[in-house]
Structures are given as structure tokens and as C-alpha cells.
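Shown next, in C-alpha cells, is the structure this report addresses.
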Number of protein chains: 4
Amino acid sequence: MVVKLNRKELIRQTAIQVMAEYGYHNSTTDKIAEEAGIAVGTIYNYFRNKEQILEYIFAVELEKRQKAFVEQQQSSKPVLEKLQALLELHFAEIANNIAVGQILVREQQLPGKSEVTSISDFLQGVPQWIEELLNTAIEQGEICTCDTRIIAAAMFGAVQGVAAKAVFEEDKNIQNQILQSAPKELIHLFTGGISLDR
Amino acid sequence: MVVKLNRKELIRQTAIQVMAEYGYHNSTTDKIAEEAGIAVGTIYNYFRNKEQILEYIFAVELEKRQKAFVEQQQSSKPVLEKLQALLELHFAEIANNIAVGQILVREQQLPGKSEVTSISDFLQGVPQWIEELLNTAIEQGEICTCDTRIIAAAMFGAVQGVAAKAVFEEDKNIQNQILQSAPKELIHLFTGGISLDR
Amino acid sequence: MVVKLNRKELIRQTAIQVMAEYGYHNSTTDKIAEEAGIAVGTIYNYFRNKEQILEYIFAVELEKRQKAFVEQQQSSKPVLEKLQALLELHFAEIANNIAVGQILVREQQLPGKSEVTSISDFLQGVPQWIEELLNTAIEQGEICTCDTRIIAAAMFGAVQGVAAKAVFEEDKNIQNQILQSAPKELIHLFTGGISLDR
Amino acid sequence: MVVKLNRKELIRQTAIQVMAEYGYHNSTTDKIAEEAGIAVGTIYNYFRNKEQILEYIFAVELEKRQKAFVEQQQSSKPVLEKLQALLELHFAEIANNIAVGQILVREQQLPGKSEVTSISDFLQGVPQWIEELLNTAIEQGEICTCDTRIIAAAMFGAVQGVAAKAVFEEDKNIQNQILQSAPKELIHLFTGGISLDR
DNA sequence: AATGAATGAGCATTCATTCAT
DNA sequence: CATGAATGAATGCTCATTCAT
């Protein structure tokens, strides 16, 4: 079954491939249009400018995670299980589209001080969800008290670090292995650290 | 006492400020020259091209860490203490120059597939040092066995995450606080995780 | 009747004027664009780079001569008549566009060791045509044997020399006179030299 | 015996090599200085600017020819013998320094409309000497009447053409052969043309 | 005279964006 | 909506020339 993509979706998916390969700054609108088999002008019927394409890419990914986050928040699981569920979703999504993972991991550079909000939403918002989760966990006596602001930043960074390790791994087998074991390894690290005496 | 900087050092320090503010891609050689109070051409007496300035910035920072890493490796401390010493150096350096921290944290994007080796040395090499430390620690029975490849990537990411949190924190007090407590918090997380029952 | 030139042709003709006036190296793409009444960027929609404009100028002129050369080769005239026909075409073309003549005569300097093939095709290829003609003529007993390699080079140089004399002559009347009599004078020189006793 | 060159001569000879290899426009003063083993600044103690180096190169070559021309003029030889003597000198000089030949042949492009007089002296003056010789020859009944202006331009061009053929010939044996036979071949061509019935 | 670091005007080229068709 | 030729501001880099030492 061939799914006919609407134009905006076609552009998003093409841009992901192109930007993953060349990076945002080395990706031209001409290249994206060419790869998508459309005219440059068409891009501008769906996006105000090049930046907004990246914005949209992040927005879509962010929304997936947000939806999952809200779902998890509504459940009554222990916090760490919620976190694990989110990590599983995250790495599954990346496994499903390595290119999008490369973008999430590399395009830290907010282009200018512009209207690209979903990138900063991602880079700053996601840690805040984690912080929120951690605070709840502390309240509920699930975890020890700690500087949740820092720990949340560390956890987010750790996730990004493992994702980066995976998406830039050239050996596809190793890549898959990392992506599969990442959630458990991370939860393990977060939970009990690496000490012998746990 | 005014320290007369040699040109290359002047350019490096100016570029750090400019690139931290605008990002590598939005920093022009003209802007760097202007800020440094020199002519554009002078930059090219010391750097082959713009990319090489960023390369040099990373190289200098990398060397500081490498020197510290080698020193620590030669000592007989427990691995986790070595790691803590390195984190302390890292965050102290960042505290000393926030701008350089912003660059280390944001410029993940290797410009092109070019000769910028010290950026990839930093992004790939540093995790390998950590991996090396972890492997030694496992051999010496200091920590539990784990997938050091993944855990090293996670740790490096965590450090970058906390650094990012700090360097983009606008409140200088909070920033300092994060930078000061970062090493201990991270070691704490790495060591015992966040579980209650540690 | 205003002939609407397509862009590539417009650029070629404008570049001929500009390069004839300033020389290739002192002609800027900005100047060419300005004179053509288009934007610089437009040039690059039709030419890969500045060099390729010159390349194209030579290619067009070369093709005219080549076409004529092939036509002449197919006829059964004596070689010297073929040569004269070619000279007549050549000088008529120059008379028709002095600027192009200036370029053909002055831009001996292949810009770099680059892809500019039609310049060397012109500077090396045309003498080879002449050599070919001479060899045929010798075979057919039309002319005496001689070192055709050298004589061809000399003849090509002589043509270039007379063309140079004409195109840089400021007096338009004299210029026209030279261009008109050039073919016959050259053929005369080539045929019988300047001796009294011919 | 090592001849210690004075600075100006050193620069001239180095510039000949560099400009022959890269062409005037692609030869940098830095490169010339480096090859000469001196500082860039030193060049400017002997030449007002880069252009003046080329000017001087032509001036030196021009003077050699001029001296020979004057000498020949003072003799009572038939004009064609004078011409042959001059051609022999010319090609001998080129054989002696191929690089200088390449420059004489390629740098037709007067850099700007500047003070470089010896290039135009060479390109316009030498044909005038020839014209002068031809006029004398006609007066003395040595040669037939002809448009000496055109024939002189043609002869000069022929000489340049053969020189070009020689100096860009890669096979050194062929090169030498051309340079040796050039004067006679040219005189032969000029005298009797290439007709059978001479 | 010799040096060579510093200069900065100058230029080729790119590429996001527009808009007439 | 789709197109893609045209645009031109922006920018990295070069290199002839200067001048303090």
C-alpha cells in the first residue's frame, strides 16, 4: 500500500534525510526540494522559511514524546517505570528513523535567536518533564532527595549521549543493539548507579 | 597588569566570545576581527580558515582535559575519584569561561566532513577515556560490570547535559551553584543512582 | 525589431564587452551583471563560475570556425583557397564584433590549469587544423614541403598578429581596412612571401 | 664561479620563473619573495609594485632586442639578413631561458591601463621596427611593395606563434629543434612563402 | 636596506526567498 | 497550489602593499 504523502509531510521527511546527512546549515532548500521531487517554491507554500522546517521536525518529535508523557502521567505506575516507558518510546522512535535521531542529537544550535521554539522546547522542556517526574517521585518517597534540576539535566544529557552513540555508529548491528538495550541500561544507571554494593 | 596576548591567543579568545554569542555558523570572520580589534586578514595569518579557529578552540580545551586525564591515570586513586577530579577540572574551566562552555556544549555539528579533528576528538575521544576508566574500574572490582560503551556515552552525555544547563542559565548565581555542585551530583548519580535503598 | 536574448546569450555578449574592455582578470562578475542589467546570482544559474563564461565565449567562436573548417574540408578546392575562405570568415567575424576579437587575441592566459578547454582548443587546435591543411596540400603537390608544424604555428601567429593590430587600432577606418585586406595580404604572404622575384 | 646577483636581478629572475609557471595574475608577491629567499618587503625596495616587475622583465628583454636592432640597422646587410639575425638572437634568448619566452608569449594582457609601458613597447614597438625594416627594404628594391603595416604585424605574430609553439612544447628535444630551426623557417616563409613555384 | 606581520579593499560565489506565470 | 528563474545581501578568503622595527 503506497501511502500518498501530503506535501508538508513529504517535505518534513525529505528534510530529515537531507539534514541528517549534511546538517541543518549545509542543507539547502534546493537540495531538499530536489530530493523531494518538488520545486523550491513549493516548500514556501508550507513553511515560512527554512528554519521552520527544522522547527516542524522537532515539533513532530516533541509531540510524540509529549503525548506519551501525558499518558504516563495519567497512569499510576511508579515513576521509574514511567521513565522507562518514555525511554523505550524514544529509542524505538530513533530505531525507526535513524536520521531523525541524528537531528535530535546534533542540532543543538538554535538557529539565531529566532522563532524556533520547538527546539528549545525540546532541549529545555524535556528536562523539565524529567524534573517533574523526579519531584513527584521524591514526594512519593520513591527516590532519594536530590537536586532534581541538575539530575534531570544529567539524565536528559545521558539519554542524548547514548542516542548520539547509537545514531552515529556505523555498524548497523551494534547500532540496533545499543538502541535496544539503551532504555534498560539507562534506567539501571539512573536507579542504582554503577556501584558494586547495590 | 595588562597581559599582552599574542595574536593567535587574542583571536582564539575573541572567537570564543563571538561564537558563544552567535554560534559558529552565524559568526563572521569580519565580526571576530572587529571584536578583536584587528583586520580580517590577520586572522588568516594564524588560521587557515574559519573552521580552523573552532578546531583550535576545541583543541585547547581538549588538551587541558587530556593532560588532566593522563595525570589522573598515573595516580593510584580509585577510578571514581579520578573521574571526580576530572569533572571538577571540567566544570571549573567552564565556570572560568562560560562562553567556552557554551561552545563545547553546542557545537556538536562538525562543520562539513573536514579537517576539524579536535571536535570529533572531543565528542568521541572523551567518552573513550571514560570507557577506559570504567573498564579499569571493573577489572579492579571497583564497580559492577556493565556495558561500558553505553554507560560511558551516557556519562559523557550527562556531563554535557549539566554543563548545558549551567552555561545557558541566565541567573548567574544559579549558574555558579550548578557548576559548583555538578561534579559531586554527577558522581553521586553515577555511583549510586537515585534509588532510596542505596 | 528587438531580439529578446535568452539569458545565457545576454551574459555571453555582455561579458565579451566587459572582458574586452578590462581584460578577463579585471572583469568582475558584479560588473558583468550590472552591465547586463541582471543580478550576479543569475550569472551562476547559467555558468558554473566566472571562468566558464570565458570558456563559453571561446567555445562559441571556436565552433563557428570549426564548422567552417569542416565545410571547407568537404569541398574540393585547392588548399590555399580553403585557407583564404577561413581567413575571410575569421576576419569578418572579428569585424562584426571587435570586442570578441580583442578577447581572442589577448586572453592567451588559460586561467589556472582548469577546465577551460576551449581556450586551449583554440590556441592549440586551430594551428592543428592549419597543419592538417598544409599536410594535405603537400600531399597533393600544391605547396612545397616544409616543417608544417612550425609553419602552421607561424601562420596562426600571423593571423593573431594581424587581428591584434586591427582590434587595437583606434582609428575605425584603418581598422576596417586592415580587417578587410587581412585575408588577402596574409594569403599573399603565405603564398609567395615578400620576395621581389615571385 | 658563483655570480652574486644583486637584489633587483634576483627578483627579476625569480619572478620570471614564478610568472612563467603560474602566469602573472596567479603569481603572488609572497610566492616570488619566498622563491627568491627574501622578504616581501624587499621586493618593494626595488619595484614600485608587482606590475613593475613584469614591466622590468619586458624592459630587459626589449632592450636586448633593441640593441641588436640598432646594431643591425647600422650595418649594410640586406634587410632580410638583418631580420634573420634578429630572429636568431630572439630564439637564442628564448632557448636560453624558456621561462622568459613563455612570459613574452603569454602576457599579452597589459595589466590595467597602467604604466606598464615596456609591454606595449614590446607588443607594438617591435612590429614597428619590422615595419621600418620592411619600408627600407622596399625603398632599396629588396622586396616587393606591400602593406608593410599589416605584413609587419603578421611577421611579429608569426614569430610569437612559433615561439609559443616552442616554449609550451613539453618534449625538450622537439622544443630545441623548433627553437633552432625557427629563424630559418620563418625567413623562408617570409621570403618566398610556401608556393611550389618559387 | 631588509624584514614580515598587519592591513583591508576587493571579489567570487552561495543560497534563502520571492513572484510572475 | 506549483513552479523555478531571478534576486542580491551576505560572507569567506586573498593578496598587493605598507611600515614599524
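In the text below, chain A, chain B and the rest are named by the order of the sequence lines, each starting its count at 1. Fair warning: this is a prediction, and the values are worked out from it, not measured in the lab.
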| message | For a quick check, with a 4.0 angstrom heavy-atom cut-off, what is the B/S/- contact string for nucleotides 13-21 of chain E, read 5' to 3'? | response | BBSBBB---

Separation of [N] [atom2] from [X] [atom1] (nearest whole Å):
| X | N | atom1 | atom2 | result |
| --- | --- | --- | --- | --- |
| Glu34(C) | dA12(E) | CD | P | 13 Å |
| Tyr22(D) | dT14(F) | OH | P | 15 Å |
| Asn6(A) | dC1(F) | CG | C1' | 13 Å |
| Ile53(C) | dC11(E) | CD1 | P | 15 Å |
| Ile43(D) | dC15(F) | CD1 | P | 14 Å |
| Leu10(A) | dA2(F) | CG | P | 10 Å |
| Gln52(C) | dA12(E) | CD | C1' | 14 Å |
| Phe47(B) | dG12(F) | CZ | P | 15 Å |

Residues that [X] engages under side chain to side chain contact (heavy atoms under 4.5 Å, CB included), provided they are two or more places apart:
| X | answer |
| --- | --- |
| Val167(D) | Ile94(D), Ile98(D), Gln102(D) |
| Lys31(D) | Val18(D), Tyr22(D), Thr28(D), Glu35(D) |
| Glu93(A) | Glu61(A), Lys64(A), Arg65(A), Leu89(A) |

| Below 4.0 angstrom from OP1 or OP2 of dA6(F), is there any side-chain N or O of Arg7(C)? | yes

Between [X] and [Y] (side chain of the first, backbone of the second, donor and acceptor by atom type, cut-off under 3.5 Å), is there such a pair?
| X | Y | result |
| --- | --- | --- |
| Lys50(D) | Tyr24(D) | yes |
| Glu55(C) | Ser118(C) | yes |
| Gln160(B) | Leu104(B) | yes |

| message | So which atom in Asn49(B) and which in Tyr44(B) form the shortest heavy-atom distance, rounded to 0.1 Å? | response | CA-CE2, 3.8 Å

| When all nucleic acid strands are considered with a 4.0 Å heavy-atom cut-off, which category describes Ile38(A): base, sugar-phosphate, or nothing? | sugar-phosphate

| said: Once ring-ring contact (aromatic ring centres under 6.0 Å, His included) is applied, do any residues pair with Tyr56(C), and if so which ones, sequence neighbours excluded? | reply: Phe47(C)

| task | Stems involving DNA chain F: give each as a range paired with a range, ordered by first number, where a stem means at least three consecutive Watson-Crick or G-U wobble pairs under 3.5 Å. | result | E:2-21 with F:2-21

| request: Just compare dA2(E), dT7(E), dT7(F) and give me whichever is closest to any side-chain atom of Tyr46(D). | output: dA2(E)

| task | Classify the side-chain pair Gln13(A)/Gln17(A) by whether it contains a donor and acceptor separated by less than 3.5 Å. | result | no

